[in-house]
> 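One structure follows; several queries about it will come next.
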Amino acid sequence: MSKSLVVLGPAEADLCCGAGAQVQLPSQQPGQAVCCAPLSQGQLSAEQAEEVAPLLKALADPVRLRLMSLVASHPGGEACVCDLNDAFDLSQPTISHHLKVLHEAGLLDRDKRGVWVYYRARTQALSSLGLLIGSPPL
């Protein structure tokens with residue numbers, strides 16, 4: 001049975017596909033799951049493509065892709081703008097703009113502490129993209 005991207009409640013998702021094939025999209029309500037076949041095994045609807053495209057668009061910029069990697073691999077799993085500036089030949093406001101784009105796309109969470117903003121990768125969103133684009137789990 002070919003499965004396409006379908007938003008389900010947790011119980012229904014468990015019946016549809018295993019936990020390894022379930023994904024979370026940023027616009028979903030807590031407790032929802034998505035049962036998803038990789039792109040090569042099912043067609044996305046126009047609505048589903050509209051939800052996934054902003055994530056891919058945010059990562060399509062080389063600076064944002066590097067920022068995502070730096071934040072995700074940073075010790076403790078979070079990084080401050082002040083921790084990221086030295087990796088780029090860009091101004092701090094430009095780095096902050098790129099981090100804001102990643103946050104608004106649902107790829108980063110942020111937490112303001114005093115004058116600094118700390119970013120943490122939403123690893124579930126990254127895993128979901130990997131699952132969507134990659135091959136199904138064995």
Side-chain angles (χ1 to χ4, degrees):
M1 178 175 153
S2 175
K3 297 179 180 114
S4 60
L5 191 65
V6 180
V7 177
L8 303 168
E12 295 86 8
D14 287 341
L15 293 173
C16 171
C17 55
Q22 294 175 14
V23 268
Q24 288 289 139
L25 296 174
S27 64
Q28 284 176 240
Q29 299 295 319
Q32 287 182 325
V34 172
C35 207
C36 179
L39 290 177
S40 62
Q41 296 189 6
Q43 296 180 7
L44 290 176
S45 70
E47 187 176 282
Q48 293 159 343
E50 289 288 329
E51 285 211 24
V52 174
L55 301 176
L56 296 173
K57 184 178 178 182
L59 288 173
D61 181 278
V63 171
R64 289 194 288 268
L65 187 58
R66 284 190 59 214
L67 279 168
M68 194 71 211
S69 174
L70 287 168
V71 171
S73 65
H74 201 269
E78 69 178 8
C80 176
V81 176
C82 59
D83 298 326
L84 303 169
N85 282 338
D86 292 341
F88 299 91
D89 188 24
L90 298 169
S91 68
Q92 184 271 324
T94 300
I95 299 295
S96 292
H97 165 75
H98 285 295
L99 290 166
K100 178 183 174 188
V101 170
L102 291 168
H103 170 72
E104 288 175 349
L107 294 167
L108 291 177
D109 286 326
R110 67 180 175 192
D111 180 35
K112 186 166 175 134
R113 299 179 200 157
V115 297
W116 297 109
V117 178
Y118 287 79
Y119 292 89
R120 178 177 296 279
R122 293 190 64 210
T123 53
Q124 181 63 42
L126 293 174
S127 297
S128 297
L129 283 175
L131 181 64
L132 178 67
I133 295 168
S135 58
L138 300 176

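Bear in mind the structure is a predicted one, so any value in this text is a computation, not a measurement.
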> Could you work out, with salt bridge (Lys or Arg N to Asp or Glu O under 4.0 Å) as the rule, every residue matching R66, not counting sequence neighbours?
none

> Return the OG1 to CG distance between T94 and D89, rounded to the nearest 0.5 Å.
10.5 Å

> Looking at A105 and P54, what are the two nearest heavy atoms and their distance?
CB-O, 3.9 Å

> To the nearest 0.5 Å, what is the distance between CG (L59) and CG (L107)?
5.0 Å

> Other members of the hydrophobic cluster containing V101, with the 4.5 Å side-chain heavy-atom rule, please.
none

> From S96 OG over to L84 CG, what is the distance, rounded to the nearest 0.5 angstrom?
9.0 Å

> Name the residue from V71, D61, L67 that meets the side chain to side chain contact (heavy atoms under 4.5 Å, CB included) definition with L102.
L67

> Do V81 and Q92 have side chains that get closer than 4.5 Å, going by heavy atoms?
yes

> How many angstroms lie between OG in S69 and NE2 in H74, if you round to the nearest 0.5 Å?
11.5 Å

> Is the side chain of R110 donor-acceptor paired with the backbone N or O of V117 at a distance under 3.5 Å, no angle test?
no

> What's the separation between atom CG in L99 and atom CE in M68, rounded to the nearest 0.5 Å?
10.0 Å

> Measure across L70 and A87 and return the closest heavy-atom pair with its distance rounded to 0.1 Å.
CD1-CB, 3.7 Å

> Locate the shortest heavy-atom distance separating H103 from L108; write the atom from each residue and the value.
ND1-O, 2.9 Å

> Within this structure, what is the CG-CZ distance for the pair L55 and R122, rounded to the nearest 0.5 Å?
9.0 Å

> Tell me whether F88 is reachable from W116 by hopping between hydrophobic residues (I, L, V, M, F, W, Y) whose side-chain heavy atoms are closer than 4.5 Å.
no

> Side chains of L65 and P62: does their closest heavy-atom pair fall under 4.5 Å?
no

> Is there a donor-acceptor contact under 3.5 Å from the side chain of N85 to the main chain of C82?
no

